[in-house]
Amino acid sequence: MNAKEALIEYDLQVLLKGETAPDLTEQTMQRAAEGETPQLAEPRRYRPRMAWRRVAETAVIVLAVGLIAWIVAGPKQNPPEPERLWAAGPDSRVIETESGLRLESGWLLLKPGAPDVQSGESNLTEIRGLVLARARGQPSKQELENIQPWLQQNELEEEMLKGRNWAKGLAMAVLLFAGTAVLDGQEVEAPEAPAEPVWHVVQSVVDIENLPEGATHVRANGLNGAYLEFFQEVKGLEALDFRNGKILNASHLEAIAKVETLRHLDLRDCIWQPGATRDLRPLARMAALEWLGVAISPSATAKPDEPAEKTEDWQQLQLAPLGSLRKRGVVIPVSVFSNNSANLESVRDWLPDLEEITLNWAGDPALQVVSTFKSLQRLEIERCHATELGFAFLARGPKLKQLIILNIQGGLTQDMLHHISRIDSLEVLGINFTFGSAEGSAEESLFRPLFKMESLRELRLGHELTGSLTYGKVMNVQEHPLSGIGPLRSLKASTNAGWYSDPELLWSIAAGCATSELFASLEDASALGMQAFEAPEWWNDELAAHLQSIHLHLTSRVFSRSGLKTEPGTVGNGVLAALRKYPNLARIKLTWEGTAYGSGTSDNLDRVAEQLREAFPDLEVEVVK
Amino acid sequence: MEAVMTEQHALIRLMAEHQADVWHFLRLLGCEGALADDLTQETFLYIYRNPITEISRAATSTYLRRTARSLLIDRQRRMKREVRLDMNALEQAWAEMTPEGRADERLDALRRCLDKLADRARQALELKYTHDQTEADVAAALETSLGAAKSLLKRARRQLRECVERQAMP
């Protein structure tokens with residue numbers, strides 16, 4: 001709750017309870033008559049205009065002092081307000097003492113230069129970093145989760161807590177996000193954050209040849225499989241994203257398997273050469289491989305509903321090599337092209353501890369088999385023909401963290417959502433849907449089963465349009481149907497939204513509701529405490545206009561895509577105009593995707609950032625390279 | 001309006017005009033009733049001993065609030081009590097949402113905004129604030145989930161805030 005809402009809450013109590021202020025005039029006059037004079041330790045920061053004589057006297061003194069200071073030190077701006085160096089957590093008790101702070105219970109967040117902290121027998125001194133301190137020792141996971149909203153208010157994300165260890169003192173534990181501090185006489189230092197790799201994008205052989213020395217991560221989406229041969233010459237290549245590759249065959253895999261340094265290879269969504277033998281055995285020889293994304297299929301066609309050109313011993317050609325890689329500990333997210341649940345059983349038998357799977361097609365029997373994948377954490381279904389029966393099986397199965405359903409053929413029903421809501425480990429849920437029941441009869445309560453999902457952090461909704469159907473018309477809602485989902489922190493637009501050029505369709509799909517409801521739904525997103533709206537790549541001024549009254553951090557690669565690719569180093573007037581419609585925008589994160597072609601250098605990104613800072617001095621512009 | 005605050009009658013007039021605002025502001029900052037009473041008196045005593053010239057109602061109101069806030073901080077420090085960190089933000093919110101510093105006008109605006117709310121939202125607010133019911137009680141009374149009740153209350157408060165803010169605009 002922000003300060004304005006706290007004020008409204010107070011006013012509601014006054015108004016609805018009829019609380020009135022007492023008349024204290026008589027007591028005040030009595031105290032005045034007794035000669036009482038209150039003293040203030042601090043001078044006021046602000047006073048209305050004083051009597052003219054005092055004003056004149058003060059002005060003369062101020063002018064004289066100011067003139068001397070100006071002559072001595074030269075003109076200066078007013079000193080900034082001192083930065084607040086500490087913040088007490090929720091339900092915490094902190095007392096300011098002469099020697100610093102005393103943390104009696106709860107939490108303290110401290111910035112460099114913060115006063116020393118005493119808690120019981122523990123002392124935290126020489127704070128030269130960003131420190132989270134907790135009285136009485138290390139917190140439990142649950143206690144950490146409880147303070148997430150407070151941490152977010154202080155711009156600390158949950159991710160930042162991961163991989164860090166608590167230092168335990170006599171009666172206080174501290175976690176360092178950056179810098180150093182001394183806890184009970186021992187210096188504590190924050191671990192170095194691992195650097196994010198730079199992905200270099202290539203689209204041609206020339207790009208591959210021109211990759212800079214030391215390029216370890218390369219993205220080559222949508223290229224012909226024959227390009228794989230040219231990566232053998234890239235020294236030190238560690239990661240290759242080759243998603244959506246075309247005309248792939250076994251000889252291409254033989255070629256890439258020779259890159260001995262490769263640790264990460266993504267071949268998901270690749271289309272095989274018609275008639276080629278889908279032999280994954282070369283990949284099993286890659287000794288350094290730690291992560292392999294790959295599509296598997298028992299038939300020699302890419303799509304399961306087309307007649308097979310020939311059948312193969314797919315278990316030996318595909319499942320066996322993947323099984324041996326899995327035994328070595330390689331992480332293998334697979335896409336399965338099959339509408340036969342018996343084939344899924346084979347996948348389970350060869351890869352029993354699979355953690356991530358994408359099903360091109362899934363009906364009730366398939367979901368029943370999936371429910372027996374004990375280690376599965378992420379499930380994506382591209383075409384879902386399942387009914388509530390299939391989801392009932394799924395709810396009894398693995399502890400899924402992520403469930404994405406791109407297309408529910410039979411329509412979404414509340415029964416399905418009821419079963420999904422019973423997956424109490426689910427953190428991310430994405431659904432592209434149409435309404436299940438006859439048009440006009442769907443009710444506001446459709447999404448109500450999701451309200452109880454306390455683990456849900458991210459919801460991605462996409463509405464498969466049916467003619468002129470609109471959310472409001474069909475559901476006749478008074479409240480937004482998602483408004484009951486409490487812990488949600490992120491609402492994302494459907495990635496399919498960019499396929500549509502008609503703005504009305506685009507809005508509908510983007511937020512899972514009709515044009516008129518988009519604004520309301522994003523308002524809800526804001527009210528639900530979400531921290532970010534992830535702008536899709538088709539982000540434009542129209543969307544910005546819809547967002548203008550919402551305080552959001554915009555995280556998007558929009559500039560690296562539209563700015564760098566078409567007009568290197570230029571933001572573009574359209575984007576600037578769009579941003580001006582978005583007065584509450586606080587931060588933009590520009591993400592650099594290295595390219596070896598054209599003029600797309602990282603300097604361009606700096607120029608984009610420069611232009612943004614110039615146009616919007618109050619905006620925080622972060623550049624990530 | 002230039003009246004030097006040296007006379008008792010001037011203090012009485014100042015209190016008649018501003019004491020309710022100061023008292024409510026102190027309550028907003030978390031003071032119990034008795035402490036708010038005491039600090040309201042001290043605020044006006046301070047002004048009595050350190051007279052000001054009023055240049056506008058809003059400026060005087062701001063000065064009184066900041067004096068009250070400083071007295072509260074002093075008191076809490078002396079008592080070694082925890083000092084709230086959001087006092088500045090609350091003071092700013094008060095200033096932005098209160099035309100001419102008049103809390104009664106803000107409350108009138110809130111009353112008008114409440115009338116515009118949907119019945120269900122108003123019912124939820126009345127259950128919570130008039131009858132001191134918990135959010136779980138509100139959910140039960142409205143036959144909805146706890147999450148939906150929380151959300152309904154949150155949305156209602158937000159709508160009220162926006163409505164009051166609009167009315168506070170010059």
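It should be emphasised that the depicted structure is a prediction, and the values quoted were computed from it without experimental measurement. We name chains A, B, ... by the order of the sequence lines, and we start the count at 1 in each one. Atom set for the values below is all heavy atoms of this structure, side chains included, hydrogens, waters and symmetry mates excluded.
Heavy atoms of B/D38 lying under 4.5 Å from chain A belong to its backbone as well as its side chain. In this structure, chain A has no heavy atom under 4.5 Å from any part of B/D21. Contacts between B/A118 and chain A at a heavy-atom distance below 4.5 Å are absent for every atom of the residue. B/R49 touches chain A through its side chain: at least one heavy atom from C-beta onward sits under 4.5 Å away, while N, CA, C and O do not.
Side chain of B/Q41 to main chain of A/R31: no donor-acceptor pair is present (N/O by atom type, distance under 3.5 Å, no hydrogens or angles).
Between A/L7 and B/L90 there is no side-chain heavy-atom pair separated by less than 4.5 Å. Side-chain contact between B/V164 and A/K4 is absent, with no heavy atoms from C-beta onward closer than 4.5 Å. Residues A/L16 and B/L114 form a side-chain contact, since some pair of their non-hydrogen atoms from C-beta on lies under 4.5 Å apart. Looking only at side-chain heavy atoms (C-beta outward), A/E19 and B/R27 come within less than 4.5 Å of each other.
Note: B/R111 leads B/K150, B/R111, B/Q92 in heavy-atom pairs under 4.5 Å with chain A. Comparing B/D132, B/D37, B/L153, B/T43 by heavy-atom pairs within less than 4.5 Å of chain A, the highest count is held by B/D37. Of all the listed residues (B/L146, B/L110, B/L160), the one sharing the greatest number of non-hydrogen pairs under 4.5 Å with chain A is B/L110.
Between B/R157 and A/E5 there is no salt bridge, since no side-chain N of the basic residue sits under 4.0 Å from a carboxylate O of the acidic one.
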